[in-house]
Protein chains: 4
Amino acid sequence: MDTTLQKAPTSPGKREQTKLQNRQLIVAAARRVFAELGYGATTVRDIIRATPLASGTFYNYFKSKEEVFQAVRDEVALAIRPRLHEERMKAATVEEFIGCSFRTFFEFVADDRVNFRTIRADSTRVRMDSPEVIAGFEELRNDLELAIAKGLFPSIDADFLMAAIVGVAFEVAERMLQTGSHDHVAAAEFATKLFIGGIRALPAVAEPGVISRNA
Amino acid sequence: MDTTLQKAPTSPGKREQTKLQNRQLIVAAARRVFAELGYGATTVRDIIRATPLASGTFYNYFKSKEEVFQAVRDEVALAIRPRLHEERMKAATVEEFIGCSFRTFFEFVADDRVNFRTIRADSTRVRMDSPEVIAGFEELRNDLELAIAKGLFPSIDADFLMAAIVGVAFEVAERMLQTGSHDHVAAAEFATKLFIGGIRALPAVAEPGVISRNA
Amino acid sequence: MDTTLQKAPTSPGKREQTKLQNRQLIVAAARRVFAELGYGATTVRDIIRATPLASGTFYNYFKSKEEVFQAVRDEVALAIRPRLHEERMKAATVEEFIGCSFRTFFEFVADDRVNFRTIRADSTRVRMDSPEVIAGFEELRNDLELAIAKGLFPSIDADFLMAAIVGVAFEVAERMLQTGSHDHVAAAEFATKLFIGGIRALPAVAEPGVISRNA
Amino acid sequence: MDTTLQKAPTSPGKREQTKLQNRQLIVAAARRVFAELGYGATTVRDIIRATPLASGTFYNYFKSKEEVFQAVRDEVALAIRPRLHEERMKAATVEEFIGCSFRTFFEFVADDRVNFRTIRADSTRVRMDSPEVIAGFEELRNDLELAIAKGLFPSIDADFLMAAIVGVAFEVAERMLQTGSHDHVAAAEFATKLFIGGIRALPAVAEPGVISRNA
DNA sequence: CATGAATGAGACTTCATTCAT
DNA sequence: CATGAATGAAGTCTCATTCAT
């Protein structure tokens, strides 16, 4: 095509503006593409293709795919972090502290799935949770439902409980390894107590009027 | 005289043995490499390089990187799933149900970090948890410690609590999106109640001698 | 699988027979596969897959794909050559000489398309006659039909005439290059005279009773 | 002062020029390599090696070997087709129709062997006309020379006649199979009459002074 | 000889990055 | 600065052939 004039700025002196605008164009495109394909599967070409810009232009703004990924993440994280922090600072009770955090976070996720996917970023075109792993999660859910049916547990949303157990398990395990302590007994005790206490508290919410009574 | 039958194998299954051994060689190498580089960043070449075998040999056993990854994951998942399920089935109380699960899981993680990393598999050569995201986690931990110091919270391991909150937040969010309900209010209520109840139950663990008593 | 006994000869002393039989198995499979995929696209694996034999066995009989291809071709060529030669030797007139050759050849082709394809062997999975080349052939046919309609030509099967012109053109050209003479004027004169004489003789056959009359 | 507009190209289309040139470079190299090795045996690597360009550059112009092959073929076919068609359209007699076609075609072949080879494209690194097949052709030529010596045939260039017979045989056979009629009797009759008439007409050419007399 | 897994050269192709325009 | 073609390293995968059993 004719490459001669098409990039003449719309009005003189707006170069700074154009620069910022181009950067935003790239970051926005990157966010969409990362959310869809995951970090590993997206290529710089995918990003610039989602942009009216040329491939070379990308490198005027970012050194690499990694760098733009950081930018996207930072942007997302920076969008929610201050709000969470502020609410926690204002909290006068445990209920407020915990409740505000979760409410804000889940609202954010529900509103903007794309950004959430970008933060997680562990999705790739390849299904990361293999059938066997997923089967393990489902098995846990079934076991929970069974336990509820048997009266072992109060009536709780098994889906969410399963997810919570899995989330705590993996994240606490990660933390355990990171801190270098490797005290798996302490980790297990922590998680166990958390859930036992939590489970006792839960049904009151799920089914108002029914007091948890598993004595 | 007759040379036709001389090919009766000297020992039963020398070749079968080699085959199995090679398959194990590949799976073991894959496990190591996936754990180190993450799924996205590891190449089939990386795997065979971690092996005394030739590149073509890989394809005698697996059609692709994806397939060997499944094999690794399945192996790991299958190693722990039956134990978890069995223990849950034998559980007579909530305490046993929850406690056994976590104890077994964390023990497994502590024993075999490589396998744990493989299950997670969300690590890549690129640091997925960008500084900003990590900063958000640390901020939460600081806020928790502050809250504990202010007497808002009982004295809990802030590291683990932070990890638990993050784990529940991301995993329940994921579940929320997957089930299609997108009911973020319910998700937030669930997580909030879980932690409020759990936090009340926790200090007894952190400080032995104090019996949990939240009646 | 169990490799121990399955290749025991059906009866002792038949080894020579088995050898010949295996060779035939391979040649027959090769003929089918070459005919279907063309030389370039077929692999040795394709051939042995069309056989109950193992890949290594192939190399007990042929050194390469090229060699088995030669064998197939030779077999086909040897099947028809003696018959053609014999008939030509017995011919007492030009009519017999030419007629017998063509009759035998076309009968062979019609009977055994697979073998014909193998002899040609210029077919590959890729369409060798590109649209443009085919379009050139069709254009010639159309021009011929037009010429017939205009009364320029007698009424002849335009399909066959087109094929004959194309066949002579390419084959004589090839010959011209091979002999090193490169006398394209002589080649053109030869082909032209051949067809002019031939075309005058043709209609009598196509439409019995109508004498060619293009004066 | 303003550096924004400095990228107005110093000369119109320096890059376009390079692009076209590179495309031609690739097509020209492809033509040479295809002519030498045949379609099946040439690889994209062979083509780019015959070029000062880098491997990846090939894929900026063509998606595959097949695509560049089409380009080469189309170019060749398009170069000769219009001329042939035009001459046929102007022909007022059979002699002109046939004669012009062959003269133009053989001239083209003699001038540009490389292009001819590309159109044929049935040559591969492997000799497609195996010894046996060639022997069959030579046998036919010998038989023809014998027949001429015996006075059965008039004195004709046996080389060209053999080539013409072979060309008609294979090409008409192909056409017979393609049209689906499989009427090998009609095919044989057609070819036979063509040659009988043609042979009677031929000597006039070979030996000037002798007027063809096939009344 | 039959077997079939191992081999490794090499084919095709993608893609992050550079650089002339 | 924008452009987009060129680059070439590196990845995935195939396949003819070898060789231990």
B:Ala54 has a side chain; which of E:dT7, E:dG4, F:dT7 sits nearest to it?
E:dT7
To the nearest 0.5 angstrom, please state how far the CD atom of D:Gln17 sits from the CG atom of D:Asn22.
11.0 Å
Rounded to the nearest Å, what distance is computed from the CD atom of residue D:Gln17 to the C1' atom of nucleotide F:dA5?
15 Å
At what distance, to the nearest 0.5 angstrom, does CZ of B:Phe62 lie from CD of B:Gln70?
11.0 Å
Chi angles and distances behind the side chain to side chain contact (heavy atoms under 4.5 Å, CB included) call for C:Ile48, C:Thr57
CA-CA 9 Å; C:Ile48 55 145; C:Thr57 306; over 6 Å; no
Distance check needed: E:dC12 C1' versus D:Glu66 CD, whole Å only.
14 Å
Whole-Å gap separating P (F:dC19) and NZ (B:Lys19):
21 Å
Separation of atom CZ in C:Phe69 from atom C1' in F:dA16, rounded to whole Å:
17 Å
What distance do A:Gln24 atom CD and A:Glu75 atom CD have between them, rounded to the nearest 0.5 Å?
5.5 Å
Could you tell me whether the side chain of D:Lys65 and the main chain of D:Ile47 form a donor-acceptor pair under 3.5 Å?
no
Quick check: does any side chain N or O of A:Asp46 sit under 3.5 Å from a backbone N or O of A:Thr43, one acting as donor and the other as acceptor?
yes
Compare every heavy atom of A:Arg23 with every heavy atom of A:Ala71, then report the nearest pair and how far apart it is.
CB-NH2, 4.4 Å
Distance check, rounded to the nearest 0.5 Å: B:Tyr61 atom OH versus B:Leu20 atom CG?
8.0 Å
OP1 or OP2 of F:dA2 under 4.0 Å from side-chain N/O of A:Asn22:
yes
Can you check the B:Phe62 CZ to F:dT14 C1' distance for me, whole Å?
19 Å
What protein N or O atoms touch nucleotides 13-15 of chain E N or O atoms at under 3.5 angstrom, if any, and at what distances?
{"from": "E:dT13", "atom 1": "OP2", "to": "D:Tyr59", "atom 2": "OH", "distance (Å)": "3.0"}

Which label fits D:Phe69 and D:Phe34: parallel for a plane angle under 30°, tilted from 30 to 60°, or perpendicular past 60°?
perpendicular
To the nearest 10 degrees, how far apart in direction are the end axes of the helix from E:dA2-F:dT21 to E:dT21-F:dA2, each fit to five base pairs?
10°
Interatomic distance, B:Leu20 CG vs E:dA5 P [rounded to whole Å]
12 Å
From CG of D:Leu53 across to C1' of F:dA9 the rounded distance in Å is 17 Å
Expressed as a whole number of angstroms, how long is the span from B:Leu25:CG to E:dA5:C1'?
14 Å
Check whether any side-chain N or O of B:Tyr61 sits under 4.0 Å from OP1 or OP2 of E:dA5, and answer yes or no.
no
